[in-house]
Amino acid sequence: MAIEAAGTPDADPWADIRILGRGWPVPAAVSPGGELAEVSGAEKVRQSVLLILGTRRGERVARPDFGAGLEDFLFEPLGPTTAALVRHRVETALVLWEPRIDATEVAVEVGDRRRGRLDIRVEYRIRSTNTHYNLVYPFFLHEGGPV
């Protein structure tokens with residue numbers, strides 16, 4: 001049996017779905033046809049990364065240690081120490097909870113000092129396809145308006 005590269009005419013069109021998964025989007029949605037929508041492939045992986053970043057530790061009853069636990073940093077001072085701690089927490093959570101990727105870079109920068117926003121930039125490679133992606137997750141240290 002010959003192994004074909006993705007994107008060639010003989011490549012298996014279902015390979016990404018079998019390897020990367022298929023399931024409900026986050027948040028759950030209804031398709032235009034009125035059925036429960038599904039996502040698959042690289043989009044499923046992207047949504048999983050966002051889910052890890054947005055989940056509080058203890059939020060999931062069956063898996064209380066799941067998530068990045070970024071809420072621990074709410075109301076912390078906006079500075080290099082907090083940014084470094086957030087970066088470490090994100091890197092650790094992605095290694096623990098998303099085995100389909102390698103986080104090639106995690107950078108945390110002050111996005112908006114007045115609103116207390118950190119921009120968490122994650123660059124990752126999907127291991128099975130060797131495809132690179134990135135996303136920016138805005139994390140607010142303070143509620144509401146200017147601090």
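Since this is a predicted model, take the numbers as computed values, not measurements.
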Short N-O contact, Arg121 and Asp119, less than 4.0 angstrom:
no
Starting from the C-alpha separation in whole Å, work towards a yes-or-no answer on side-chain contact (heavy atoms from CB on, under 4.5 Å) for Phe75 and Leu141.
CA-CA 5 Å; Phe75 305 110; Leu141 294 171; over 6 Å; no
Within the distance-only criterion (no hydrogens, no angle test), does the side chain of Thr55 pair as donor or acceptor with the backbone N or O of Leu51 below 3.5 angstrom?
yes
With rounding to the nearest 0.5 Å, note down the distance linking CZ in Phe73 to CG in Leu118.
10.0 Å
Verify, without hydrogens or angle tests, whether Thr131 (side chain) and Thr129 (backbone) share a donor-acceptor contact under 3.5 angstrom.
yes
Would Thr92 and His88 count as a side-chain contact (heavy atoms from CB on, under 4.5 Å) here? Give the steps.
CA-CA 6 Å; Thr92 302; His88 176 71; 3.6 Å; yes
In terms of heavy-atom contacts, Ala29 and Leu36 come closest through O-CD1, 3.4 Å
Stepwise side-chain contact (heavy atoms from CB on, under 4.5 Å) check, Ile120 with Val136:
CA-CA 5 Å; Ile120 303 169; Val136 176; over 6 Å; no
Between Leu53 and Val90, is there a side-chain heavy-atom distance shorter than 4.5 Å?
yes
Heavy atoms of Arg56 and Leu74 approach each other most closely as NH2-CD1, 4.5 Å
Nearest non-hydrogen partners of Arg89 and Leu70, listed with the distance:
CG-CD2, 4.1 Å
What are the two closest heavy atoms between Gly54 and Glu59, and how far apart are they?
O-OE1, 4.3 Å
Report yes if some heavy atom in the side chain of Arg127 is under 4.5 Å from a heavy atom in the side chain of Asp102; otherwise report no.
yes
Treating Ile, Leu, Val, Met, Phe, Trp and Tyr as nodes and any side-chain heavy-atom pair under 4.5 angstrom as an edge, say whether Val95 and Tyr133 lie in one connected cluster.
no
Nearest non-hydrogen partners of Leu78 and Arg113, listed with the distance:
O-NH1, 3.3 Å
Look only at the side chain of Glu98 and the backbone of Arg100, and say whether a donor-acceptor pair between them is shorter than 3.5 Å.
yes
Using only atom types and a distance under 3.5 Å, with no angle test, would you say the side chain of Thr104 pairs donor to acceptor with the backbone of Glu123?
yes
Any chance you could measure His142, atom NE2, to Glu76, atom CD, to the nearest 0.5 Å?
9.0 Å
With clusters defined by side-chain heavy atoms of hydrophobic residues (ILVMFWY) lying less than 4.5 Å apart, directly or transitively, does Leu96 cluster with Val86?
yes
May I ask you to decide whether Arg57 forms a salt bridge with Asp65, counting only side-chain N to carboxylate O separations under 4.0 Å?
no
Spatial distance of atom CZ (Arg117) from atom CZ (Phe140) [nearest 0.5 Å]
5.5 Å
Does the side chain of Arg125 reach to within under 4.5 Å of the side chain of Asn130, using non-hydrogen atoms?
yes
Determine, using the 4.5 Å side-chain heavy-atom cutoff (strictly less than), whether Val39 and Ile101 are members of one ILVMFWY cluster.
no
Shortest non-hydrogen contact from Ala93 to Ala68?
CB-CA, 3.7 Å
CD-CD1 distance between Gln47 and Ile52, expressed to the nearest 0.5 angstrom
12.5 Å
Mind running side-chain contact (heavy atoms from CB on, under 4.5 Å) on Leu50 and Tyr137 for me, showing each step along the way?
CA-CA 8 Å; Leu50 291 172; Tyr137 183 82; 3.9 Å; yes
One should read off an interatomic distance between Glu91 CD and Glu105 CD, to the nearest 0.5 angstrom, of 9.5 Å
